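As the structure is a computational prediction, the values presented were derived from the model and not from experiment. For ligands, and for the atoms within them, numbers begin at 1 and follow the listed sequence.
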Amino acid sequence: MSKEIAIAIDGPAGSGKSTIAKAIAGRFNYIYIDSGAMYRAVTLKALQLGLDLQNEAELTLLAHTIQIQLQYKKGVCGQPELRVIVDGNDESEAIRSLEVTSNVSVVAAVAGVREAMVNLQRKMADASGVVMDGRDIGTVVLPGAELKVFLTASAEERGKRRWLELQAKGIQTDLAELTDQIRKRDLFDSTRQVNPLRQAPDAILLDTTSLTIEEVIERLMSMALEKGAKPV
Ligand code: CDP
Ligand code: CDP
């Protein structure tokens, strides 16, 4: 029997979550929800407003009032492209800045911020046929998801992937430094008190260190088909 299911993909930075989630959503014509983009949006707005990132009350208020929309537009080569609209402004590029990346974990560790984002994420996922990626999707946001996958890869491989990605955008960075930043962010994300990065007990662990993007997509496709999802 075929049905629309919820797919939760969690894992550390650079493990391939968003690349794979987007591809899987495309193959099943499901909604893709990038939960990390939402924490990035709150962080960007806090920086723009000059908020003190240690002030949990201010960050909580911001997270409960901010307007975040995830929209799809036709991008280059006709591929759908995710645009992140924050309080009416397209901030898709700004939320990926190095400044946001180095501050987002602190903002995402605030209980009130998480409460607001989790509520929003659950509302967005209300319709069936959804792929959501993040750190706490299988454990907290969508605990009833039919398919849960926890993607990993060695820190060296993840650092290299990010480095190549930045190089392609013309941004020169130091590979060792980038890998170290990724390690620190993962440690922070997995040791925070509220909803840490953690594999759900019923999630399938997939180490992608030596797998190509196509190979990972194929593995997830078979898992989703096994759960009854129907490709378009
Ligand atoms: O793409 P990348 O792996 O660098 O990060 P992201 O998915 O955009 O997430 C950025 C940050 O948001 C993470 O390092 C976490 O601190 C936070 N995050 C979270 O706490 N919970 C989620 N469900 C998603 C992201
Ligand atoms: O969302 P997350 O931070 O987990 O990772 P991503 O942004 O999807 O992937 C990080 C980079 O690794 C991207 O440039 C992907 O093209 C690349 N990648 C890869 O080379 N091999 C894989 N098996 C998965 C992703």
S.K.: Could you list the atoms of ligand 1 found under 4.0 angstrom from a heavy atom of D189?
M.R.: 13 (C), 14 (O), 15 (C), 16 (O)
S.K.: For the pair E4 and K227, find out whether any cationic side-chain nitrogen is under 4.0 Å from an anionic carboxylate oxygen.
M.R.: no
S.K.: Which of the numbered atoms in ligand 1 are below 4.0 angstrom from a heavy atom of V104?
M.R.: 10 (C), 11 (C), 12 (O)
S.K.: Can you confirm whether the side chains of S92 and R40 place a donor and an acceptor under 3.5 Å from each other?
M.R.: no
S.K.: For ligand 2, would you mind listing the residues that have at least one heavy atom less than 4.0 Å away, ordered by chain and number?
M.R.: P12, A13, G14, S15, G16, K17, S18, T19, R161, R162, E165, L211, T212, I213, V216
S.K.: Could you establish whether R192 and ligand 1 come within less than 4.0 Å of each other, counting only heavy atoms on the residue side?
M.R.: yes
S.K.: Report the distance from atom CZ of R161 to atom OG1 of T19, rounding to the nearest 0.5 Å.
M.R.: 8.5 Å
S.K.: Taking only Lys NZ, Arg NE, NH1 and NH2, and the carboxylate oxygens of Asp or Glu, determine whether R83 and D90 approach each other closer than 4.0 Å.
M.R.: yes
S.K.: What atoms in ligand 1 come closer than 4.0 Å to a heavy atom of S105?
M.R.: 14 (O), 16 (O)
S.K.: Under a 4.0 Å heavy-atom limit, does R40 contact ligand 1 with its side chain, its backbone, both, or neither?
M.R.: side chain
S.K.: Using a strict 4.0 Å cut-off to heavy atoms of D136, name the atoms of ligand 1 that fall inside it.
M.R.: 21 (N), 22 (C), 23 (N)
S.K.: Does anything in residues 137-152 form a side-chain hydrogen bond (donor to acceptor under 3.5 Å, both in side chains)? List the pairs, not counting sequence neighbours.
M.R.: K148-D202
S.K.: Between E81 and Q71, do the side chains contain a donor N or O and an acceptor N or O under 3.5 Å apart?
M.R.: no
S.K.: What atoms of ligand 1 come within less than 4.0 Å of a heavy atom belonging to A108?
M.R.: 16 (O), 17 (C), 20 (O)
S.K.: Check this for me - ligand 1, Y39, N or O atoms closer than 3.5 angstrom, yes or no?
M.R.: no
S.K.: Answer yes or no: is there an ion pair linking D180 with K184, defined by an N-O contact shorter than 4.0 Å?
M.R.: yes
S.K.: Please list, chain by chain and in numerical order, all residues satisfying salt bridge (charged side-chain N to carboxylate O under 4.0 Å, His left out) with R158, sequence neighbours excluded.
M.R.: D186
S.K.: Who passes ring-ring contact (aromatic ring centres under 6.0 Å, His included) against Y30, sequence neighbours left out?
M.R.: F28
S.K.: Looking at D136 and R114, is there a salt bridge between them, counting it only when a charged N and a carboxylate O are closer than 4.0 Å?
M.R.: yes
